[in-house]
Amino acid sequence: MGREELIYNSLVDIAGEDLVSNEPEDLYIYSRDGGTTKPRRVDYVVSPKTVEEVQKIVILANKENVPITPMGGGLTLNGLVIPVRGGIVIDMKRMDRIIEVNESSRYVIIEAGVSQGALMSYLKKNYPDLQHSMPEAPSIATVVGNLLIRGHGSLSQYGDNSNMLNGIEVVLPTGEICQVGSCSTSPHWFSKGPLPDLAGLFVGWFGTTGIVTKASLRLYPRPEKRDMVLFATQNPDLIPDVICKITQTRMADNIGMMEQEKPEYMKGYQFIGVIISGDSEEEINYKKKVLGKIPQACGDSENKVTLLEEIPPSSKERFLEEPPFAAVAADFRKGGGFQYCGIMMPIEKVPEAWRRGIEIAHKHGMLFQCANQVMSAGHEVMFGFNYSFNRADEKDVERAKKAMEDTNKLGLELGGIPWKADLQAQKQIVEKMDPNTFELMKKVKKLLDPNGIMNPGNWEG
Ligand SMILES: Cc1cc2nc3c(=O)[nH]c(=O)nc-3n(C[C@H](O)[C@H](O)[C@H](O)COP(=O)(O)OP(=O)(O)OC[C@H]3O[C@@H](n4cnc5c(N)ncnc54)[C@H](O)[C@@H]3O)c2cc1C
């Protein structure tokens with residue numbers, strides 16, 4: 001039996017014939033995503049149901065020295081689940097059990113394939129007083145995929161989503177099943193500590209250090225009412241001060257900022273949307289009143305911030321939707337390609353990023369469109385530079401790629417860091433990184449994954 005047949009048959013023995021494929025028509029979808037990454041080769045896809053099956057796949061991959069790439073929803077748009085060196089894609093979506101909700105310590109234990117939409121509906125139906133921080137991503141994105149890349153969501157003021165992680169179960173690249181967090185010493189998955197923070201060995205690594213099979217995620221009270229306060233300015237220099245004043249009130253659940261050049265009436269305006277919540281009309285009105293005073297304290301008669309008192313109900317509805325409307329807000333062009341550079345940066349760098357982002361978009365013949373999220377009470381901002389392009393037009397794809405390269409360069413120059421970095425951005429980051437830090441990353445990787453089978457090609461510099 002040839003090696004390919006042996007690997008295929010072994011995968012069938014592990015997961016069952018219906019859940020393994022090496023047929024081009026099944027592999028097609030796994031070899032590409034919605035961004036600018038060129039399709040790459042995938043040899044097999046397998047959809048395990050249990051941690052033991054994942055473990056057997058990992059042991060097989062070591063024995064046969066075949067790469068494996070764990071995949072959740074595959075929705076980062078940055079090619080992170082398209083294998084760089086072929087091999088097996090492990091599609092985690094069948095591991096979709098919501099195992100336990102703890103109402104007193106407020107956490108949920110889920111398997112790695114549970115989607116954002118499934119968790120949200122489960123909580124709404126069974127635990128209406130609880131919620132998780134829901135990203136704007138399409139709801140089929142997995143909760144775990146998002147936790148592992150430092151995603152952010154509707155409760156961004158409580159921290160980024162990786163900060164809401166209490167613990168994980170992970171299959172190490174050499175096949176051991178390992179618990180991280182309080183679940184390593186107790187039946188309760190309530191916290192990561194007080195222990196050395198080993199979750200950091202798996203967060204931000206793009207599936208290169210292990211396969212997470214379960215996670216415990218913090219839940220938060222869900223108040224009865226949600227509403228929003230919307231500000232606009234034409235001067236990005238005012239933004240850091242406005243954000244400081246908003247976060248000083250400690251009233252926001254989420255703070256988003258955006259600008260887009262189409263439709264025409266939006267051009268030149270930076271919008272700041274603050275999502276608030278409360279248990280009564282009185283509480284909501286009080287928050288609106290306090291936040292409504294912020295414009296008076298910012299800028300002057302020429303450079304001002306305006307409170308938009310009347311938000312058209314249809315727009316408000318879309319802002320308050322869960323997940324909100326990111327996917328429709330982007331300026332999708334004919335051909336349906338879309339990718340964005342999310343640069344994590346300090347708030348004071350936002351005005352310069354804004355101005356130079358417009359220059360980059362125009363230099364590459366694109367319209368400027370950004371959607372930004374303020375995180376953790378203003379400790380950092382995810383500045384999302386959005387580029388849409390016609391996927392059927394190679395020149396247009398190339399333009400978007402170049403614009404992203406320039407944007408990542410700008411982000412690093414401003415002291416920021418590209419988020420969920422594609423291969424090109426990983427290289428740009430590593431070039432700028434303290435060489436000792438990169439050496440440490442390489443040592444950690446070698447220690448955990450001695451045969452280099454886990455999503456190889458990523459974080460290699
Ligand atoms: C329109 C749009 C809006 C978006 N808005 C947001 C937003 O508001 N907030 C936000 O955070 N993101 C957003 N995103 C980005 C992205 O879709 C989300 O972060 C999404 O949650 C990623 O989850 P996923 O399941 O698609 O991850 P994947 O793309 O499947 O995986 C991400 C990385 O984690 C690894 N991985 C996945 N599962 C495992 C596992 N079980 N074990 C080990 N490694 C694993 C993969 O190998 C990959 O490197 C948006 C995307 C789109 C298209």
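Every heavy atom of this structure was used, including side-chain atoms; hydrogens, water molecules and symmetry mates were not. Atoms within a ligand are numbered from 1 in the order they appear, just like the ligands themselves.
Atoms of ligand 1 found under 4.0 Å from any heavy atom of Ile211, numbered from 1 in the order shown, are 42 (N), 43 (C). Every atom of ligand 1 with a heavy atom of Val212 under 4.0 Å away is listed here by number and element: 40 (C), 41 (N), 42 (N), 43 (C). The atoms of ligand 1 that sit less than 4.0 Å from any heavy atom of Gly151 are 11 (O).
The residue among Gly73, Gly35, Ala137, Ala371 with a heavy atom at the shortest distance from atom 5 (N) of ligand 1 is Ala137. Considering each of Val81, Val54, Leu148, Leu80, the one bringing a non-hydrogen atom nearest atom 45 (C) of ligand 1 is Leu148. Of the candidates Thr142, Val144, Ile168, Asn146, it is Thr142 that places a heavy atom closest to atom 25 (O) of ligand 1.
Asp96 and Lys49 are joined by a salt bridge, as a carboxylate oxygen and a charged side-chain nitrogen come within less than 4.0 angstrom of each other. A salt bridge links Glu439 to Lys442: one of the charged nitrogens lies within less than 4.0 Å of a carboxylate oxygen.
Under a 4.0 angstrom heavy-atom cut-off, Pro138 registers as being in contact with ligand 1. Within the structure, the closest approach of Gly384 to ligand 1 does not fall below 4.0 Å when heavy atoms are considered.
In this structure, Lys192 and Gly167 approach most closely via the heavy-atom pair CG-N, 4.3 Å.
Considering backbone and side-chain N/O of Leu75, one or more are found under 3.5 Å from N/O of ligand 1. Polar contact check, Gly74 against ligand 1: a nitrogen or oxygen pair lies under 3.5 Å apart. Every N/O-N/O distance between Trp419 and ligand 1 stays at or above 3.5 Å. Checked against a 3.5 angstrom limit, the closest N/O atoms of Gly72 and ligand 1 fall inside it. The shortest N/O to N/O separation between Ile149 and ligand 1 does not fall below 3.5 Å. For the pair Thr69 and ligand 1, the shortest N or O to N or O distance does not fall below 3.5 Å. On a distance-only criterion, Lys420 and ligand 1 share no N/O pair closer than 3.5 Å. In terms of N/O distances under 3.5 Å, ligand 1 is not approached by Pro135. Distances between N or O atoms of Ala112 and those of ligand 1 include no value under 3.5 Å.
A 6.0 Å sphere centred on CD of Glu176 holds more than 12 heavy atoms belonging to other residues, nucleotides or ligands. In Lys446, the NZ atom is not crowded: 12 or fewer heavy atoms of neighbouring residues, nucleotides or ligands sit closer than 6.0 Å. By the neighbour-count criterion of 12 heavy atoms within 6.0 Å, atom CD1 of Ile417 is sparsely surrounded, having that number or fewer from other residues, nucleotides or ligands. Other residues, nucleotides and ligands place more than 12 heavy atoms under 6.0 Å from the CD atom of Glu100.
Only the side chain of Leu77 comes within 4.0 Å of ligand 1, judged by heavy-atom distances. Only side-chain heavy atoms of Tyr340 come within less than 4.0 Å of ligand 1; its backbone N, CA, C and O stay farther off.
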Are Tyr107 and Trp189 close enough, and set up right, to give a ring-ring contact (aromatic ring centres under 6.0 Å, His included), and what steps lead you there?
CA-CA 8 Å; Tyr107 63 80; Trp189 295 53; 8.2 Å; no
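The cationic atom of Lys401 (NZ for Lys, CZ for Arg) does not lie both less than 6.0 Å from the six-membered ring centre of Tyr387 and within 45° of the ring axis.
Judged by distance alone, the side chains of Asp253 and Ser277 do bring a donor and an acceptor atom under 3.5 Å apart.
In terms of the ring-ring contact (aromatic ring centres under 6.0 Å, His included) criterion, residue partners of Tyr158 (sequence neighbours excluded) are, by chain and number, Tyr220. Taking Phe383 as the reference, Trp354, Phe385 meet the ring-ring contact (aromatic ring centres under 6.0 Å, His included) condition, with sequence neighbours excluded.
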